[in-house]
There are 2 protein chains.
Amino acid sequence: MATLKEIARRAEVSASAVSAVVNGTTHTRMSAQTRARIEAVIAEVGYVPNDAARALRRQQAGTIAVVVEGLENPVYKELLLGIYEAAEARGWAVVLGDTAWMRSGSPFLARLLGQGSIDAILLRHEGLIDGDVLAHLRARPTPVVLLEQQSDPHSHWVAVDDLMAGRMATEFLLQAGHTDVRFVGGLDESRTSAARYDGYVTAMKQARRRPRAGSFTGFGVEAGSLGFAAIRSSGTFPTGVVVNNVMSAAGLLAAAADHGVEVPGQLSVVGIHDAEIADIVRPRLTTVRLPMRALGVRAVDQVAALLEGTPTTLGVIESRPQIIVRASTAPPSR
Amino acid sequence: MATLKEIARRAEVSASAVSAVVNGTTHTRMSAQTRARIEAVIAEVGYVPNDAARALRRQQAGTIAVVVEGLENPVYKELLLGIYEAAEARGWAVVLGDTAWMRSGSPFLARLLGQGSIDAILLRHEGLIDGDVLAHLRARPTPVVLLEQQSDPHSHWVAVDDLMAGRMATEFLLQAGHTDVRFVGGLDESRTSAARYDGYVTAMKQARRRPRAGSFTGFGVEAGSLGFAAIRSSGTFPTGVVVNNVMSAAGLLAAAADHGVEVPGQLSVVGIHDAEIADIVRPRLTTVRLPMRALGVRAVDQVAALLEGTPTTLGVIESRPQIIVRASTAPPSR
DNA sequence: CTGAAAGCGCTTACAG
DNA sequence: CTGAAAGCGCTTACAG
């Protein structure tokens with residue numbers, strides 16, 4: 001591999017001059033001739049700076065890591081887009097990983113913990129990461145911004161308005177005339193899920209309906225079938241259900257079809273989060289669209305603030321969730 | 001941040017000794033006491049080696065990058081699992097990205113091109129990456145292993161048996177009694193798609209049926225609706241269709257439902273690739289399952305061979321595709 | 001067996 | 001305006 005030194009030798013200039021050309025910095029005012037010669041050599045040799053050396057010298061890598069729980073979940077598509085765009089605008093590369101890779105002792109975790117290759121971490125773990133691992137992460141100087149609500153006052157986080165999402169989904173069903181509405185999906189350990197469930201409870205109480213215990217069955221498709229099983233075995237069958245996550249909602253839809261329960265005839269379903277899948281299943285899913293892209297942008301802003309040492313305000317992003325009415329909801333039949 | 005030097009000072013030993021403890025190398029035979037003291041200081045301070053310095057010194061980062069076209073496509077789930085496991089077994093971290101990020105001049109691309117932070121690249125681009133960018137990538141010393149078939153004899157690649165996949169899907173329909181079978185989805189630029197289409201053609205010819213021109217409408221959900229539109233406007237309506245990609249097959253299913261075409265009553269659908277979505281849609285999708293996990297493992301083996309300079313054989317992995325019969329296929333009605 | 005020194009490839013304050 | 005030198009934090013051949 002050609003090094004800076006080699007380019008300098010070939011162009012018969014100093015390393016500093018080459019560095020200046022590569023980075024467009026101070027030395028900028030060198031003779032046009034010199035500059036041209038250096039550029040020619042760089043192009044000829046195909047020189048590219050060594051990132052490790054740069055990172056070591058500059059004390060920053062120019063790369064941020066995004067780690068999410070269940071990378072395959074389509075709800076992250078928009079989030080990643082927002083993160084990517086905001087990061088690129090700042091000149092940062094982003095690399096992705098799944099929280100499942102953050103096992104204690106894994107090389108991936110080592111890269112997150114060790115300085116030098118990753119400047120900051122954006123993390124959404126839904127309460128699933130080992131406490132030890134999390135403590136290690138916090139003990140490091142690398143800034144971590146959580147992409148979900150936190151109760152811990154010391155951590156940095158940004159989140160969409162999950163409470164409002166749960167509330168809007170529930171209110172939508174209540175306003176359509178449903179009285180027995182349930183909440184299904186998500187994880188007990190997740191504050192995100194807790195917030196959405198709180199939203200459900202708030203809406204129910206406000207409508208003077210009795211909120212039921214949530215069935216926190218997870219985030220994937222199977223969480224939907226499990227959720228369906230839960231409401232079936234609950235004694236009375238509801239006419240409406242709010243499902244945490246679109247994938248789970250799709251799973252619930254499938255389970256309902258398999259058990260001969262008609263949607264929306266016998267059961268109205270609202271999914272939280274919007275994704276392509278909502279338009280693929282039949283009936284199409286009514287969903288609550290969350291501003292995930294904006295979340296991504298805000299998360300990157302947070303990182304920048306942290307890296308610059310600017311005091312920052314944390315919290316929920318202002319943009320409201322939005323209900324997307326499709327075909328999985330209707331007034332209750334009697 | 002604590003450095004190695006600082007640990008050495010605190011433990012009153014040389015830097016080499018600390019390095020030996022951290023890495024478990026040569027100096028290993030130091031007195032148990034010394035070792036214990038060093039370990040104590042490391043734990044106390046929470047020392048973690050700087051990855052940039054290590055990468056620079058060792059001339060390898062211990063990280064490989066995986067970049068795929070359309071990261072949100074669920075067909076990659078298994079592939080990534082295979083890659084992750086094989087990489088971890090070798091002590092490598094893996095980081096992910098989307099080909100959309102490989103735009104000329106992007107920081108992400110810079111990280112892939114520049115030595116030092118990424119040791120090797122696993123890439124699946126479906127023919128979509130800019131030729132210039134690809135040329136740049138190839139010009140670099142960083143090994144690139146393509147996760148798809150290549151015609152270029154100089155590139156390194158591993159692939160599943162796409163031709164066989166297209167052939168099996170088609171033969172399955174032919175054997176069920178279909179005579180007019182179409183091929184839909186995928187990309188013109190993609191050798192993967194070409195191979196699957198070739199498989200379709202082979203099967204059709206062998207059954208003495210006339211193969212039709214493929215409709216290369218893409219990989220996403222919309223590719224399915226576009227594909228459906230294509231076969232509808234083709235004059236005669238077929239009784240069977242092979243769809244490149246499960247997501248597209250799901251999209252086609254939805255389009256068929258919207259147009260009142262019954263599946264499998266009027267149209268049998270086979271998707272190439274298996275994913276959770278196949279079990280969510282109704283009717284459930286018959287698919288051809290490809291050994292994506294094995295592909296991931298093989299790709300990492302390739303990388304290892306390349307990094308070690310071992311001569312390697314390239315090509316299609318031996319494990320056969322497998323047809324998963326669900327509910328979207330039936331004999332043609334008359 | 002252990003420590004001092006060189007050097008990985010850069011960037012940048014500093015001297016000329 | 002330009003170059004020589006120091007140093008980022010490690011690892012490893014080498015001298016003691």
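Note that the coordinates shown come from a computational prediction; the quantities given were computed from them, not determined experimentally. Letters go in sequence order (proteins before strands), and every chain restarts at 1.
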Whole-Å gap separating [atom2] ([N]) and [atom1] ([X]):
X: L56(B); N: dG9(C); atom1: CG; atom2: C1'; answer: 5 Å
X: Q115(A); N: dG9(D); atom1: CD; atom2: P; answer: 9 Å
X: K5(A); N: dA5(D); atom1: NZ; atom2: P; answer: 12 Å
X: L4(A); N: dC10(C); atom1: CG; atom2: P; answer: 5 Å
X: I38(B); N: dC1(C); atom1: CD1; atom2: P; answer: 15 Å
X: R58(A); N: dG9(D); atom1: CZ; atom2: C1'; answer: 17 Å
X: E6(A); N: dC8(C); atom1: CD; atom2: C1'; answer: 15 Å
X: Q60(A); N: dT11(C); atom1: CD; atom2: P; answer: 12 Å

Examine [N]: is either OP1 or OP2 under 4.0 Å from a nitrogen or oxygen in the side chain of [X]? Give yes or no.
X: R54(B); N: dT11(D); value: yes
X: S19(A); N: dT11(C); value: yes
X: Q59(A); N: dG9(D); value: yes

Residue pair [X] / [Y], side-chain heavy-atom distance below 4.5 Å:
X: T99(A); Y: L128(A); answer: no
X: E72(A); Y: P74(B); answer: no
X: D51(B); Y: Q115(A); answer: no

>> Closest approach to the side chain of N23(A), judged atom by atom: which nucleotide of dT11(D), dC8(D), dT11(C) is it?
In response: dT11(C)
> Among the nucleotides dT12(D), dT2(D), dG3(C), which one has an atom lying closest to any side-chain atom of S31(A)?
Replying inline: dT2(D)
> When you check the side-chain N and O atoms of S16(B) and S19(B), is any donor under 3.5 Å from an acceptor?
Replying inline: no
> Looking just at side-chain N and O atoms, do R54(B) and N23(B) make a donor-acceptor pair shorter than 3.5 Å?
Replying inline: yes
> Got a donor-acceptor contact below 3.5 angstrom from the Q60(A) side chain to the A55(A) backbone?
Replying inline: no
>> Parallel, tilted or perpendicular, judged at 30° and 60°: which one describes the rings of W101(B) and F108(B)?
In response: perpendicular
> In a check of side chain to side chain contact (heavy atoms under 4.5 Å, CB included) between Q149(A) and each of D162(A), V160(A), V158(A), which one passes?
Replying inline: D162(A)
> Listed in order of residue number, which residues of residues 41-53 of chain B have a non-hydrogen atom at under 4.0 Å from DNA chain C?
Replying inline: none
>> Tell me if the CD atom of E318(A) is crowded by more than 12 foreign heavy atoms within 6.0 Å.
In response: yes
>> Only Watson-Crick and G-U wobble pairs with both distances less than 3.5 Å should count. Give DNA chain D in dot-bracket notation, marking inter-strand partners with |.
In response: |||.||||||||.|||
>> By nearest heavy atom, map R57(B) and T3(A) onto DNA chain C; which one lands nearer the 5' end?
In response: R57(B)
